[in-house]
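In this chain, numbering begins with 1 at the start of the sequence shown.
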Amino acid sequence: MNYTKCWLEYPRICDETGKTLTAACLLTGTVAWRAVEELRLGLEGLYGLTLETTAEQTADITLDCDPRMHPEGYNIRVYQGRCTIVSGGERGALYGAFALLRQLQMEQCAWEELTWEGKGRPANPMRVLNHWDDLDGSIERGYAGQSFFFRDNEVLVNDRTVAYARLAASVGVNCVVLNNVNVRGAANQLISRRYYEPLREIQKILASYGITMYLCVNFAAPMELGGLDSADPCDDRVLQWWKDKASEVWGSLPGLGGFMVKADSEGQPGPSAYGRTHADGANLLGEAVAPYGGKVIWRCFVYNCQQDWRDTKTDRAKAGYDFFAPLDGKFRDNVVLQIKNGPMDFQVREPVSPLFGGLKHTNMMLEVQVAQEYTGQQRHVCYLIPWFRQVLNQDMHCCEGPSTVADLVSGRSYGNTCCGMAAVANTGDDPNWTGHDLAAANLYGFGRLAYDTTLTGEEIAKEWLRLTFGKTPLVEETLLHILMASWPVYESYTAPLGIGWMVNPNHHYGPNVDGYEYARWGTYHRADHKGLGVDRTSSGTGYCSQYTPELAAEYENLETCPDELALFFHHLDYTYRLKSGKTVLQHIYDTHFDGAEQAAAFLTLVEGLEPLLPQPVYQRLHERFRHQKEHSCEWRDVINTYFFRKSGIPDAQGRTIYP
Ligand code: GCU
């Protein structure tokens, strides 16, 4: 085996070798069987215990079913070596098993010593991992090696598929989209006889861990695959083609969750070519897959990627709302709109997309990116869960009842169930799955947060550390400090005050302040000798008004607009004084000096852990943190010099800024 088990290592807590426990499982089915199997693996690893299954009522561990409970929920009671896990269904039993093993590791006690009552109930109905894996084995925005689902246009099914399914299920992920949203080349044929057989094998493995498989499809598949001369959603031949296709697909892959579509976005085909709306497009597929209980996940990442930088009125941030808010209520019940957390594209800081507040009669899902495309590409440490928590906590003030993003996407606000949270995955076939060992905390954390949106970033980090590194106080304290500081630190030495985008074009790594300034992507900072920022108020692009009145007023008004988003919403002079009391320019200088210093401090801290970490882990961490230290200086100097040259204003503290 050339890969780790991440947080499922189950390292020995105390030795109880020779003892046997019994488990009775009153639920039937492969997922319930996996639950028992996981308990067996866990208890063996943690204690050396043997777990035998029994039909007796007097078992040490009983997995029981209560149909009144949520099918993915569980109640656990453990006392004096006896444990019952009651769940509403098989998935609940599996999540309960993982929760029990987690608790044992958090408490580090002997099996008989654990006294605990725990319960779980998913906040979000759909908890999705999106893999941007291509059939040739590459991964779009992948920073951890090649795909473990595809290679050389073949589908891979092996022990790693099982290992992956365990990792995903252990944190409550219940849907996986296997392939890239940009469907090109051989990926078009995933919905053809060429691939059904191996896909069925993957699907079987995933399903045994309670995970529903989805596939990304090309909106123009009737042309690419079917030889039609059109993909017009209002053309009967096109509808018939999709209906026939769905019948074939579900005939071969029964239980498939449905299709995901990126349409009319960054060159992908879509309904606009025929003068049709996104509702026409999504409903076409929705109708075709409905007889099989299928869903359509339709992405809202739609904007004009042929913009002219000279045009200061068109604002990419407005596009998602402009396209989709007017279509509210027009989508079928089995269609869910997937909305990126911010209106731009996974920057280190953005406001929440106003579209969450603009849809009242439409299923919606939040999309975040744990792949660190703009947050250090898994070479810099950037623990994103505190950021996702902030997104979930944002109140959109859009309805009478609860109206945070968490309420809206979980279905609590409007009572729908086809909704939830999705993350662009950060995995690849690297031995440690995520390139940077600490990036696994994001994968773990996404699942935990999507299942339980009340968990804090810190709680999740503590769990992940304990499960991954065992109980070594200095390791846990040090890495917790680094994880919790990492997102603010990354933000501090990269793009300031919500402006974003100061990266090298295409691969998006490393500083390049003007990299996107004169490009067609709608991503500008508008810096001149006096100031920078994008005026998105009513005197500028008018983006603020897409929010409901409370938020619109907060952002529109400089007095109330939070500092961290100041340049996202306003064009400010370098000498403008922020709420912090610093000028914009001094804020830029200070955060960049400070951020690079903190990145250097991370390296020193990690070096202190050398004797306490397994050598390969230490080596990998050391290499990444050394790079981060150097690269943060590059960021610091490029950004500081750029703004010094533009403004001519020196650093108030006289530190080195290269002229
Ligand atoms: C980003 C990313 C692309 C990706 C796109 C998407 O723009 O850079 O690689 O395809 O997001 O979310 O569809």
key: Derivation of the salt bridge (charged side-chain N to carboxylate O under 4.0 Å, His left out) call for Glu224 and Arg184   = CA-CA 10 Å; Glu224 297 279 337; Arg184 313 181 188 100; over 6 Å; no
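- Geometrically, Lys318 does not engage Tyr543 in a cation-pi contact defined by less than 6.0 Å to the ring centre and at most 45° from the axis.
- Using a 3.5 Å distance cut-off with no hydrogens or angles, the side chains of Asn442 and Gln378 do not pair a donor with an acceptor.
- Among residues at least two apart or in separate chains, salt bridge (Lys or Arg N to Asp or Glu O under 4.0 Å) pairs with a member in residues 387-407 are Asp407-Arg412.
- When the side chain to side chain donor-acceptor pair (under 3.5 Å) test is applied to Thr28, no partner is found at least two apart in sequence or on another chain.
- A donor-acceptor contact shorter than 3.5 Å links the side chain of Asn334 to the backbone of Gly286.
- The side chain to side chain donor-acceptor pair (under 3.5 Å) search around Thr541 returns Asp315, not counting sequence neighbours.
- In summary, the aromatic rings of Tyr374 and Phe346 are positioned with their centroids too far apart to meet the 6.0 Å limit.
- For the side chain to side chain donor-acceptor pair (under 3.5 Å) with Ser170, the lone residue among Tyr209, Trp7, Tyr95, Tyr444 that qualifies is Trp7.
- For Asn174 (side chain) and Arg127 (main-chain N/O), a donor-acceptor pair under 3.5 Å exists by modelled atom type.
- For Lys262, the side chain to side chain contact (heavy atoms under 4.5 Å, CB included) partners at least two apart in sequence or on another chain are Val181, Asn182, Ser265, Glu266, Gln268, Arg299.
- In this structure Arg151 satisfies the salt bridge (charged side-chain N to carboxylate O under 4.0 Å, His left out) test together with Asp429, sequence neighbours excluded.
- A donor-acceptor pair shorter than 3.5 Å can be found between the side chains of Tyr196 and Glu248.
- Looking at Ser87, its side chain never comes within 3.5 Å of a backbone N or O of Gly92 through a donor-acceptor pair.
- Contacts of Glu90 classified as salt bridge (charged side-chain N to carboxylate O under 4.0 Å, His left out), with partners at least two apart in sequence or in another chain: none.
- Applying the side-chain hydrogen bond (donor to acceptor under 3.5 Å, both in side chains) test to residues at least two apart or on different chains, the pairs with a partner in residues 414-425 are Asn363-Asn416.
- Side-chain contact of Arg520 with Gln307: a donor-acceptor pair under 3.5 Å is absent, judged by distance alone.
- In this structure, a donor-acceptor pair under 3.5 Å is absent between the side chains of Asn426 and Gln372.
- By the side chain to side chain donor-acceptor pair (under 3.5 Å) test, Tyr321 is found to be paired with no residue, residues two or more places apart in sequence or in another chain being considered.
- Under the 30°/60° scheme for interplanar angles, the aromatic rings of Tyr164 and Phe148 are found to be tilted.
- Note on residues 202-211: no pairs pass salt bridge (Lys or Arg N to Asp or Glu O under 4.0 Å), not counting sequence neighbours.
- Using modelled atom types, one finds no donor on one side chain facing an acceptor on the other under 3.5 Å when comparing Ser410 with Asn124.
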task = Could you give me the CA-CA distance, side-chain angles and deciding distance for Asp244 and Arg237, then say whether salt bridge (charged side-chain N to carboxylate O under 4.0 Å, His left out) is met?
result = CA-CA 10 Å; Asp244 294 344; Arg237 292 172 310 147; over 6 Å; no
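- Taking the salt bridge (charged side-chain N to carboxylate O under 4.0 Å, His left out) definition, one finds that Asp280 meets it with nothing, sequence neighbours left out.
- Applying the side chain to side chain donor-acceptor pair (under 3.5 Å) test to Thr375 and every residue at least two apart in sequence or in another chain returns nothing.
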request  = Determine, stepwise, if the pair Ser230 / Asp232 fulfils side chain to side chain donor-acceptor pair (under 3.5 Å).
outcome  = CA-CA 6 Å; Ser230 164; Asp232 183 350; 4.9 Å; no
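- For the salt bridge (charged side-chain N to carboxylate O under 4.0 Å, His left out) test, residues two or more places apart in sequence or in another chain that qualify with Glu38 are Arg166.
- Using a 3.5 Å distance cut-off with no hydrogens or angles, the side chains of Glu373 and Gln377 do not pair a donor with an acceptor.
- The distance between the ring centers of Phe259 and Tyr214 does not fall below 6.0 angstrom.
- Side-chain polar atoms of Asn180 and Asp134 form a donor-acceptor pair below 3.5 angstrom.
- The backbone N or O of Ala279 lies less than 3.5 Å from a partner atom in the side chain of Thr277, making a donor-acceptor pair.
- Aromatic rings of Tyr383 and Trp487 (six-membered ring for Trp) have centroids beyond the 6.0 Å cut-off, not under it.
- Distance alone, capped at 3.5 Å, places no donor-acceptor pair between the Gln390 side chain and the Phe388 backbone.
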